[in-house]
Each structure stands twice: as structure tokens, then as C-alpha cells.
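In what follows, a structure is listed as C-alpha cells, so that the remarks can point back to it.
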Amino acid sequence: MSLPENFLWGGATAANQCEGAYNVDGRGLANVDICPAGKDRFKVLLGHGETLEPDTEHIYPAMEGIDFYHHYKEDIRMFAEMGFKVFRMSIDWSRIYPTGMEEEPNRQGLEFYWNIFRELKKYNIEPLVTIWHGETPLYIENELLGWANRKTIELFKKYARTLFEEYKGVVHYWLTFNEINNALMFLNLLPTESAANDAQRTFTLLHHRLLASAEIVQMGHAIDPENKIGCMICYGESYPATCNPKDVIADMELKQMQQFYCSDVQVRGVYPSYSNRIWEKYGVQLDVTAEDRAVLKAGTVDFYSFSYYCTSLVTAEDTEGKEKVKGNFTAGIRNPYLEYSKWGWAIDADGLRFSLNEIYDRYGIPVMVVENGLGAADTVETDDSIHDDYRIDYLRKHITALREAINDGVDLIGYTTWGCIDEVSMVTGEMKKRYGFIYVDRDNEGSGTLKRLKKDSFYWYKKVIASNGENL
Ligand code: BGP
């Protein structure tokens with residue numbers, strides 16, 4: 001079966017990983033600006049950093065990103081050349097409300113996104129806007145404790161209202177929170193004692209984000225009934241390591257918490273039946289009022305979107321002596337049937353077909369894959385060409401899986417590869433880990449001309465889109 005004619009082919013980015021220009025045109029400092037590359041990154045990302053001011057010892061890659069802020073015309077022209085139908089991007093809250101507390105939005109920030117939308121329109125590329133891709137004004141983090149504070153919901157609603165009103169009729173596709181569930185994945189990666197200490201805060205901040213998401217879904221629909229608003233889940237697909245029922249149960253419990261807890265709320269509008277058991281396990285007391293439940297019920301999403309990179313294996317047994325592997329916020333033991341990328345993430349295209357079926361069976365609403373790709377180090381040849389056949393191979397297999405899932409009956413409406421242009425890695429803060437069809441001359445230390453170069457995958461993806469996924 002062919003892909004639907006209006007299938008949304010494209011690529012994805014996030015403001016904090018590409019825009020740079022952190023201190024221009026009235027933008028405020030954001031939490032992501034002070035996330036250093038290297039070993040201290042996660043401490044800060046998780047809100048455990050001692051440094052809430054940038055220092056001279058660290059490199060802060062978000063501050064300059066790939067300077068999309070000043071290169072957007074050139075970059076969008078290249079996306080158009082590949083034939084993109086959709087471009088996923090996020091808006092940086094601190095560009096619109098520099099501290100989050102202002103009564104009026106920063107006009108220059110709004111203008112920057114107007115410029116992008118006008119440019120996209122020129123090429124008939126539909127924007128897909130993530131309202132929150134981890135970017136929070138630093139003031140809110142420092143003074144209000146960020147999302148742990150219920151008051152942040154109101155500030156976020158003010159920001160979202162501004163976007164819905166300003167870009168009414170221009171943006172039709174929105175995502176509320178990027179990978180909303182990754183807070184739970186972070187929790188699972190912590191040693192048991194730290195996880196126990198962090199659980200109350202994590203589930204509370206997540207409750208606030210889920211409420212905020214539901215509130216702004218309703219708001220977005222009220223402002224423009226044409227708006228299509230989706231959730232976005234980090235789909236850390238997992239399999240039981242063996243047919244031992246203990247492994248199957250361990251996998252089920254992990255899935256309930258990591259994969260389904262948030263989307264069950266966002267799609268079905270209620271906390272799932274198993275959530276009490278999870279809260280008990282972590283000793284969490286959540287303040288879920290009757291009013292909260294009504295908000296969650298009324299703010300369900302129109303479509304389900306997710307990121308897909310790799311899969312992992314779950315076992316109930318002691319993993320001592322077994323080879324451990326990591327993925328996108330996941331950890332497990334090595335799957336002997338799969339190959340692994342240089343950054344240690346399993347390459348599993350069948351897992352994408354499996355995930356798509358699992359999701360569509362569960363929710364029955366339109367689905368979009370909004371992140372997928374291979375993080376790899378590229379080599380620029382003397383003639384500026386880049387032969388990234390490994391990336392083409394990865395994407396070819398995953399697009400084949402999309403086609404299979406559509407044959408299975410999944411209502412898949414779009415596909416945006418992650419980091420369609422090289423940008424800063426979220427997990428490590430490196431530039432060396434590249435996903436793009438477009439190479440950006442910038443290294444881990446922040447040096448480079450920022451020159452853009454087309455990789456072999458650029459020409460390949462252009463052909464794929466032109467043939468609507470037939471010519472792989
Ligand atoms: C997802 C994030 C993206 C992106 C991606 C790849 O979790 O939503 O922002 O960065 O992971 O991760 P990395 O860039 O670290 O390889």
C-alpha cells in the first residue's frame with residue numbers, strides 16, 4: 001500500500017538545540033542556557049546543579065547552538081529543496097516572556113517566529129510547533145522552583161495564549177510538551193535511593209505539566225477550532241529479555257510507567273488504573289483535586305506523536321555480569337539480535353512497526369513520528385562532500401517499517417526525522433553526534449564557521465519525499 005498522498009514528510013529541531021542567539025532581541029536567560037556540555041550536564045538538566053549562573057569552566061552549547069537565529073532563511077531554503085511538507089520546531093518561552101513574569105510579551109521574540117513562519121509559507125511548509133521543548137525562563141526555575149510549583153501552570157498558560165492568538169491561522173499543528181514522560185525515565189535511571197528522594201518532586205511536576213497540557217489543549221481549540229494539538233512521548237520501546245513471565249511482568253510495569261502513564265492521561269483524560277500502584281511504590285502523595293480531574297478529562301489531545309530511536313531489554317533478574325547498554329533515557333541489557341550505534345543505542349526498525357501498532361491499538365487516534373534518526377560522527381571530504389550511507393541505511397529501514405505499519409492499518413499522518421540539520425545533542429551537549437541531512441561546521445568546543453553542507457542523505461531524502469516513500 002502507498003503512503004497517504006498528503007503525508008507530512010519533514011524534519012524536526014528544538015529551539016534550545018539550534019537557535020543560539022541567547023541574549024539578543026530581548027530574550028531572557030533560560031534553564032537550558034546554563035546546561036553545560038559534559039559530565040555536569042545532567043545534574044543541571046535535572047535541576048540538581050549548584051551553578052545557576054554560567055561560569056568560565058564549562059561550555060554552554062545552547063547559547064550559540066548552530067545560530068539558526070541568523071541562518072533560518074538559508075536553512076529553510078534547504079528544507080524546501082528536500083521537499084519538506086512540515087517543519088517541526090519549538091518556540092523558546094524566554095524569547096516571548098524573558099522571565100515569564102512580564103504582563104506583555106516581547107514583540108521582538110514574536111517577530112522572530114513570524115519571520116520563520118513567513119519563510120515556511122513561501123515554500124508551503126507547514127509548521128509543527130512544540131510549545132515546550134525543555135525551555136523554561138531561568139527566573140521561573142530559580143524563583144519559583146519551575147514546574148514543581150503549581151503557579152508555573154498559570155505563567156505557561158499566559159505564554160501559550162499569546163502563541164495561539166498571535167499565530168492563529170498560521171500554525172495549525174501544535175505539540176504541548178516534548179517527551180513529557182522523560183521525567184519518569186530520568187527517575188528510573190537514578191540509583192534507588194536518589195529515585196526515592198526525587199519521586200515526590202517528579203510526580204508533582206509531571207502532574208502540573210499534565211494539567212498545563214490539558215488546559216492549553218482546551219485553550220487552543222477555543223481560540224481556533226482548526227488547531228490540531230498533540231501529545232509527544234519519548235517512546236522507549238522495550239521487550240522482556242526472555243519468555244520468563246517474571247521478565248514479562250517487569251517489562252509490563254516499566255511500560256506502564258514510562259510509556260503509558262502520561263499518554264493515558266493526555267489521550268484518555270484520566271489517570272490510568274495502575275497509577276495508584278506506581279504512586280504507592282514510590283511513596284508519592286499527589287494532590288489531584290476534583291477540579292484537576294475535570295481539567296484532564298476536558299483537555300485530551302487530537303493526535304499522538306512520539307520520538308523513536310531504539311529499543312531495550314527488560315529483565316527481572318540480577319544483571320550483574322551482563323553487558324549493560326543505554327538508549328534514549330533508557331538502560332537495559334544488550335539484545336543479541338540487534339546492532340548498536342557508536343553512541344550505544346540499539347538499531348531496531350522492526351521495533352518502530354511494533355510501537356506504531358501498539359500505540360494505535362491502544363488509542364485509535366492519528367499518529368505522527370516526530371523524531372527518529374541516527375546520531376553519528378560524520379567526515380567531511382576534501383571536496384566538502386559527506387558520505388553518510390550509515391544514516392541512509394538507518395532511515396531506509398525505519399521508513400520501510402512505517403510503510404509496514406500503514407499496511408497494518410495504523411493511521412500514520414507524518415514523519416519528521418530528528419535533527420534534520422545538525423544541532424546540539426540533548427543528552428550529551430555535543431556537536432559531534434550528528435543527525436542531519438545538512439552538516440553544520442561547528443565542533444564540541446564551539447569552534448567552526450557554521451557553514452552548511454549537504455550530505456549524501458540530503459539528496460536521498462529529497463528522492464524519498466518526491467516519490468512519497470516509494471523510492472528508498
Ligand atoms: C530526544 C529529544 C531531542 C533530541 C533527541 C536525540 O529525547 O527530544 O531533543 O536531542 O532526543 O538525543 P541526542 O541529541 O542526545 O542524541
Side-chain angles (χ1 to χ4, degrees), residues 10-20 30-33 35-39 41-42 44-46 61-62 65-66 68 87-92 128-136 175-189 209 230-237 258-259 262-263 305-312 325-331 340-347 352 355 368-378 390-391 394-395 398 415-437 440 442 444:
T13 57
N16 73 85
Q17 290 166 264
C18 73
E19 279 179 12
N31 58 338
V32 284
D33 298 331
C35 286
K39 65 171 177 39
R41 186 170 181 79
F42 262 78
V44 183
L45 269 177
L46 290 173
I66 54 159
F68 179 71
F87 172 55
R88 178 176 175 225
M89 52 180 274
S90 71
I91 290 185
D92 191 314
L128 165 61
V129 171
T130 316
I131 298 176
W132 190 84
H133 199 125
E135 303 101 356
T136 307
L175 302 176
T176 58
F177 286 81
N178 181 65
E179 293 190 339
I180 191 164
N181 58 322
N182 70 18
L184 297 176
M185 301 172 86
F186 283 137
L187 199 65
N188 273 337
L189 291 178
R209 285 182 196 160
C231 61
M232 198 300 197
I233 301 295
C234 180
Y235 214 73
E237 184 61 274
Q258 292 196 163
Q259 270 149 271
C262 292
S263 52
S305 83
F306 67 109
S307 60
Y308 179 90
Y309 293 93
C310 48
T311 54
S312 61
V325 284
K326 287 208 166 128
N328 192 22
F329 309 125
T330 57
Y340 285 76
S341 79
K342 288 240 163 59
W343 268 265
W345 294 13
I347 299 176
L352 178 56
S355 302
M368 208 187 292
V369 178
V370 294
E371 286 186 27
N372 174 233
L374 179 73
D378 294 325
Y390 35 89
R391 184 168 292 110
Y394 177 101
L395 293 171
H398 285 76
Y415 176 67
T416 59
T417 66
W418 176 251
C420 46
I421 180 164
D422 293 347
E423 59 189 323
V424 175
S425 155
M426 156 82 178
V427 177
T428 66
E430 291 166 287
M431 263 314 292
K432 197 174 174 196
K433 189 181 187 194
R434 298 169 182 276
Y435 287 85
F437 303 115
V440 179
R442 189 170 177 84
N444 284 355

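Order of listing sets the numbers, starting from 1, for every ligand and every atom in it.
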Would a 4.5 Å heavy-atom cut-off, applied to side chains only, mark Met232 and Phe177 as touching?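 The answer is no, as the side chains (C-beta and beyond) never meet within the 4.5 Å cut-off.
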Side chain proximity check, Asn181 to Ser263, heavy atoms < 4.5 angstrom: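 Of all side-chain heavy-atom pairs linking Ser263 with Asn181, none is under 4.5 Å.
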Who's closest to atom 1 (C) of ligand 1 heavy-atom-wise, of His133, Met426, Glu371, Met185?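 The nearest heavy atom belongs to Glu371.
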Atom 16 (O) of ligand 1: which of Tyr309, Trp343, Tyr435 has the nearest heavy atom?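 The option holding the nearest heavy atom is Tyr435.
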May I ask you to list the atoms of ligand 1 that are less than 4.0 angstrom from any heavy atom of [X]?
X: Ser425; result: 13 (P), 14 (O), 15 (O), 16 (O)
X: Phe329; result: 7 (O)
X: Trp345; result: 12 (O), 16 (O)
X: Gln17; result: 3 (C), 4 (C), 9 (O), 10 (O)

Does Ala377 offer a backbone N or O that forms a donor-acceptor pair with the side chain of Arg434 under 3.5 Å?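 Between the backbone of Ala377 and the side chain of Arg434 there is no qualifying donor-acceptor contact (under 3.5 Å).
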Looking only at protein heavy atoms, identify the closest one to atom 7 (O) of ligand 1 and say how far it is in Å. Glu179 OE1, 2.5 Å
Please confirm whether Asn178 comes within less than 3.5 Å of ligand 1 when only nitrogen or oxygen atoms on both sides are compared. yes
Ala14 to ligand 1: N or O pair under 3.5 Å? no
Taking side chain to side chain contact (heavy atoms under 4.5 Å, CB included) as the criterion, tell me which of Tyr309, Trp343, Trp418, Tyr394 meets it with Leu374. Tyr394
Show the nearest heavy-atom pair for residues Gln17 and Ser425, with the distance to one decimal.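 Heavy atoms of Gln17 and Ser425 come nearest at NE2-C, 3.9 Å.
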Hydrogens and angles aside, do Glu423 and Thr13 bring a side-chain donor and acceptor to less than 3.5 Å of each other?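 No.
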To the nearest 0.5 Å, atom OH of Tyr308 lies from atom OH of Tyr415 at 11.0 Å
